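All of these numbers come straight from a predicted model, not from anything done at the bench.
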Amino acid sequence: FTCCPPLQDFCIYFSTLSSSSFLRSFFKSFKFCFYLVFHRFFSTVFIRVVEKVLISTFLNFGFSVYYTQSLKPKDILSVMREKQVEFMIVVPAFLKLLKSAIENELKSSSLFTQSMFKLMYHSAKFVPFYCLKKLMFKKIHDKFGGKFIGCISGGAPLDIAVGRFFERIGIKVYQGYGLSETSPVVSVNTDKRSVLSSVGRPLRNYETRIDRETGELQLRGPSVMKG
């Protein structure tokens, strides 16, 4: 077993020895080709290796991977529109930044537009279908390219208010958890257990338990680092 401090202390990076089975189970319900947007902010040699393994994994599944020149929302939105991006892997800080950009644009719009957004936003709470939410907030989705479905968030705890904002406007937000020593993904939430505050169940190749004395999460499996 490897002992882990509380979940929020760890970063998640996507790839893993068990990625292939995870990807099949996670993406099998989607009909689209998923485009993932990354940024080269990784600094260590190890993480660069992880990044390349991740990209190879997604390319092996027939997905397209696109890079952006920066983490500025306008640059990422430009790539999303041009490449018709449908799915992303992000950190919570990016979602918070994107939410702020949307809200700032709304503040500079007319009072009528602001009032309509508030009305639709509160009404969307009672709309169960994402396709209807996308129609309600079509102008926002058009800025994302019109094809964007959702994202997986990892690297830090997700601000539930931020996640709820995107869910409300028709963008699915999944939360994941992992660490470098587990190669590195441990769990990711899915549609079947879509709770914003949850990181989902562990992948099938892991044995997991909570230490009764320390409260630490303990993992055992083929992708756990030895030593």
Could you give the distance from OG1 (Thr182) to CG (Asn205), rounded to the nearest 0.5 Å?
9.5 Å

Does Ile171 offer a backbone N or O that forms a donor-acceptor pair with the side chain of His141 under 3.5 Å?
no

Contacts of type side chain to side chain contact (heavy atoms under 4.5 Å, CB included), residue Phe129, not counting sequence neighbours:
Cys131, Leu132

Considering all heavy atoms of both residues, which atom of Ser198 and which atom of Asn189 are nearest to each other, and what is their separation?
O-ND2, 3.4 Å

How long is the span from the CG atom in Leu179 to the CG atom in Leu219, to the nearest 0.5 Å?
7.0 Å

Give a yes or no on whether Ile102 and Ile160 share a hydrophobic cluster (residues Ile, Leu, Val, Met, Phe, Trp, Tyr; joining criterion: side-chain heavy atoms under 4.5 Å apart).
yes

If you look only at pairs with a residue in residues 113-129, which of them pass as a side chain to side chain donor-acceptor pair (under 3.5 Å), with sequence neighbours excluded?
Ser110-Thr113

Listed partners of Asp211 passing salt bridge (Lys or Arg N to Asp or Glu O under 4.0 Å), at least two apart
none

May I ask you to test the Phe148-Leu77 pair for a side-chain heavy-atom distance under 4.5 Å?
no

Closest approach of Leu95 to Phe166 (non-hydrogen atoms, all atoms of both residues):
O-CE1, 3.3 Å

Less than 4.5 Å apart, any side-chain heavy atom of Glu82 and any of Val79?
no

Apart from Phe112 itself, its cluster of hydrophobic side chains linked below 4.5 Å comprises Met116

Closest non-hydrogen atoms of Gly163 and Leu196, given as atom of the first, atom of the second and distance, are C-CD1, 3.7 Å

Quick one: do Leu97 and Ile140 end up in the same hydrophobic cluster if we chain Ile, Leu, Val, Met, Phe, Trp and Tyr together by side-chain heavy atoms under 4.5 Å apart?
no

Can you name the side chain to side chain donor-acceptor pair (under 3.5 Å) partners of Asp159, sequence neighbours left out?
none

Not counting sequence neighbours, which residues clear side chain to side chain donor-acceptor pair (under 3.5 Å) with Lys134? List them please.
none

Within a reach of under 6.0 Å around CD1 of Ile210, are more than 12 heavy atoms found that belong to other residues, nucleotides or ligands?
yes

Note: Val199 and Gly176 closest approach over all heavy atoms is CG1-O, 3.9 Å

Measure the spacing between CZ of Arg209 and CD of Glu216 and express it to the nearest 0.5 Å.
11.0 Å

The reported gap from OH in Tyr174 to CG in Leu158 (rounded to nearest 0.5 angstrom) is 13.5 Å

Distance-only, no hydrogens or angles: does the Gln84 side chain make a donor-acceptor pair with backbone N or O of Gly145 under 3.5 Å?
yes

Under the ring-ring contact (aromatic ring centres under 6.0 Å, His included) rule, collect the residues that match up with Phe137, sequence neighbours excluded.
Phe117

Residue pairs meeting side chain to side chain donor-acceptor pair (under 3.5 Å), one or both in residues 97-106, sequence neighbours left out, come to Lys99-Glu103, Glu105-Lys143

Nearest 0.5 angstrom please: Asp142 CG to Arg81 CZ, how far?
10.0 Å

Looking only at heavy atoms, what is the nearest atom pair of Gly154 and Pro92, with distance?
O-CD, 3.3 Å

For the pair Gln175 (side chain) and Ser153 (backbone), establish whether a donor and an acceptor sit closer than 3.5 Å, ignoring hydrogens and angles.
no

To the nearest 0.5 angstrom, please state how far the CG atom of Leu217 sits from the OH atom of Tyr206.
10.5 Å

With distance as the sole test, does Glu167 use its side chain to make a donor-acceptor pair with the main-chain N or O of Val173 at under 3.5 Å?
yes

